[in-house]
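Scroll down for the structure; my scribbles are underneath it.
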Protein chains: 2
Amino acid sequence: MKTGAKTGATGAVGAGPDAGERPEAHARTGVRDRVTEALRAALIIGRIQPGRPMTLRGLADELGTSPMPVREAIRGLAAERALDISDNGRIQVPRMTEQRFAEILKARALLEPAAAMLALPNLDRKDAPRRLRALDDQVDASLRDGNVEAYMRHNHAFHFALYEASRSDVFLPLIESVWLRFGPFMRIVYGRVGTAGLVDHHKAAVAAVAAGDAEALGEAIRLDIAEGMALIREALVAGAADFAGPR
Amino acid sequence: MKTGAKTGATGAVGAGPDAGERPEAHARTGVRDRVTEALRAALIIGRIQPGRPMTLRGLADELGTSPMPVREAIRGLAAERALDISDNGRIQVPRMTEQRFAEILKARALLEPAAAMLALPNLDRKDAPRRLRALDDQVDASLRDGNVEAYMRHNHAFHFALYEASRSDVFLPLIESVWLRFGPFMRIVYGRVGTAGLVDHHKAAVAAVAAGDAEALGEAIRLDIAEGMALIREALVAGAADFAGPR
DNA sequence: CCGTCTTAGTTGTGATCACATTGCAGTCAC
DNA sequence: GTGACTGCAATGTGATCACAACTAAGACGG
């Protein structure tokens with residue numbers, strides 16, 4: 001592995017340790033889409049630290065392409081505010097501020113329950129709970145193991161299994177954008193305070209799906225988000241995490 | 001004007017008739033940003049028809065640059081779903097569907113009242129109503145003149161004068177993204193049914209700002225959005241507009 | 001030992017090129 | 001007249017190049 005290029009390579013964008021490489025899976029996708037997916041995954045899992053500088057050539061080397069597809073991928077992610085391009089053009093994962101964080105959670109609390117409720121009619125009352133329960137089991141397993149990265153990936157999978165069922169090409173992009181933004185930050189928080197005190201409302205959500213109760217589903221999601229917020233608040237008063245991230 | 005290139009030039013992206021060209025205004029911005037702004041403005045005003053194909057080289061010629069900055073601008077807009085890139089790579093303004101439209105209004109009804117309420121504490125109780133009233137007067141004037149394009153620009157200005165006061169770099173991008181998506185479609189609707197039957201709740205919103213009443217402000221915005229929805233519904237049952245747009 | 005200036009390297013940006021794919025118009029057979 | 005076919009033009013994509021702005025390390029003088 002010759003990622004020795006000292007030129008802005010993060011080493012955090014490549015396929016994760018247990019990402020399950022499938023080289024032939026979607027070989028028909030262009031290079032840019034592959035780059036975009038790599039970056040999105042890294043951001044949502046929080047594998048890239050906020051404030052960490054990235055460079056076009058560094059990422060290009062790391063991903064084995066020319067800077068060109070990286071430029072477009074970066075530009076797309078920057079449009080979603082998942083990456084920050086400063087005035088001088090330098091690229092970095094945005095730092096979190098207290099105000100921004102509060103607003104992200106507020107936006108999540110508005111958008112995600114709505115998406116879940118929108119999804120409910122499209123969910124099979126028998127099959128969907130089974131699938132969701134399986135995903136939630138993986139979340140719980142990650143929590144038991146204290147594996148932050150696995151937790152974030154599985155938590156994402158659980159939530160989006162729900163939201164994707166809404167088949168909404170309005171709500172889904174909005175929600176994805178928000179997750180991209182708070183992923184790196186959450187990773188830092190979890191990395192510091194651990195995932196031990198984490199409580200989610202996934203089981204209530206699954207029960208609501210099984211019951212076909214839209215109101216209860218929305219409330220479960222709302223509580224799940226509020227819970228995350230409470231955890232952060234706790235971590236903050238404990239002084240264990242600051243919003244700026246490292247450096 | 002030699003836009004005679006038959007190569008995908010829309011002729012709708014350049015500076016509008018009363019855009020007030022200021023060549024030296026922000027000469028320090030890069031070419032890409034200029035292209036992005038031109039496209040955003042054209043989309044929000046609805047100057048580009050849904051389904052209309054665009055090409056990199058066509059836009060580049062029209063804007064007097066190479067295809068390169070256009071590529072990045074397009075990629076950014078596509079990330080916000082303001083433009084649609086089909087499987088074969090062709091670029092076009094997304095067509096509207098009934099489901100999508102309903103969801104956009106639902107998202108607006110969730111996000112915009114929240115942004116307005118967030119903005120309230122930052123608004124001067126004396127100065128802000130004055131500025132908002134001035135903007136709303138321009139909206140009313142456009143409605144009297146039946147000038148659809150001016151209406152859309154001024155309506156946008158009114159709403160975003162409010163939302164921008166929230167200074168939220170979370171809500172603002174989300175809301176902008178949504179406006180970019182329904183702009184072209186609304187333009188078609190207004191172009192067909194006219195702006196005569198248009199009723200807004202801007203005055204109630206201004207009054208709420210003057211009174212410092214957050215709840216009333218949120219409700220005014222909510223009603224304003226619902227009003228737009230009602231108009232569309234009307235236009236639809238009248239059969240005057242379809243969701244696909246022309247061609 | 002510290003501050004200032006210089007310089008070499010790195011960065012993003014815009015332009016241009018080569019190429020595979022796709023869409024389309026013109027043609028030809030029937 | 002209508003169909004399939006063929007060839008060309010146009011499209012997005014990825015790579016490469018030239019360049020200006022900037023960074024940071026090194027040289028130099030105090």
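By convention in this document, chain letters (A, B, ...) are assigned in the order of the sequence lines, proteins followed by strands, and residues within each chain are numbered from 1.
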Query raised in the report: Can you check whether A:Asn88 has a side-chain N or O nearer than 4.0 Å to OP1 or OP2 of C:dG12?
Result: no

Query raised in the report: Should B:Ile225 and B:Glu112 count as side-chain neighbours, where that means a heavy-atom distance under 4.5 Å?
Result: yes

Query raised in the report: Could you give the CG-to-P distance, from B:Leu56 to C:dG14, as a whole number of Å?
Result: 15 Å

Query - A:Arg90 side chain near D:dC22 phosphate (N/O to OP1/OP2, under 4.0 Å) - result: no

Query - Gap between atoms CG and C1', on B:Leu83 and D:dG12 respectively (whole Å) - result: 15 Å

Query raised in the report: Roughly how many Å is it from CG in A:Asp61 to C1' in C:dT11, rounded to a whole number?
Result: 13 Å

Query raised in the report: When the distance from CD of A:Glu72 to P of C:dG12 is rounded to whole Å, what number comes out?
Result: 15 Å

Report summary line: Residues at least two apart in sequence or cross-chain that pass ring-ring contact (aromatic ring centres under 6.0 Å, His included) with A:Tyr163, listed by chain then number, are A:His159, A:Phe160

Query raised in the report: Which is true for B:Ile85 with a 4.0 Å heavy-atom rule: it touches a base, it touches only sugar-phosphate, or it touches nothing?
Result: nothing

Query raised in the report: Are any of the side-chain heavy atoms of B:Phe171 and A:Ile104 separated by less than 4.5 Å?
Result: no

Query raised in the report: Where the side chain of A:Ser177 meets the backbone of A:Glu80, is there a donor-acceptor pair that is under 3.5 Å apart?
Result: yes

**Report entry** Length of the line joining A:Ile91:CD1 and C:dT11:P, which is rounded to integer Å
**Finding:** 10 Å

Query raised in the report: With a 4.5 Å limit on heavy-atom distance, are the side chains of B:Arg40 and B:Glu176 in contact?
Result: yes

Report task. Please report the C-alpha distance between B:Asp169 and A:Arg100 in whole Å, then the side-chain angles of each, then the deciding distance to 0.1 Å, and finally whether the salt bridge (charged side-chain N to carboxylate O under 4.0 Å, His left out) criterion is met. Result -> CA-CA 7 Å; B:Asp169 68 348; A:Arg100 191 176 297 171; 2.9 Å; yes

Report task. Kindly indicate, with the supporting measurements, whether the criterion ring pair (Phe, Tyr, Trp, His ring centres under 6.0 Å) is fulfilled by B:Phe101 and B:Phe182. Result -> CA-CA 7 Å; B:Phe101 177 71; B:Phe182 91 127; 7.4 Å; no

**Report entry** Rounded distance in Å - CD (B:Gln92) to P (D:dT11)
**Finding:** 15 Å

Requested in this report: Please determine if a side-chain N or O atom of A:Arg75 lies less than 4.0 Å away from the OP1 or OP2 oxygen of C:dT13.
Outcome: yes

Requested in this report: Provide, to the nearest angstrom, the distance between the CG atom belonging to B:Asp87 and the P atom belonging to C:dG23.
Outcome: 10 Å

Between protein and nucleic acid, restricted to nucleotides 15-19 of chain D and to nitrogen or oxygen atoms under 3.5 Å apart, what atom pairs and distances do you find?
from, atom 1, to, atom 2, distance (Å)
D:dA15, OP2, A:Ser66, N, 3.0
D:dA15, OP2, A:Ser66, OG, 2.4
D:dA15, O5', A:Ser66, OG, 3.3

Report task. Would you kindly give the CG-to-C1' distance between B:Asp84 and D:dG12, to the nearest whole Å? Result -> 15 Å

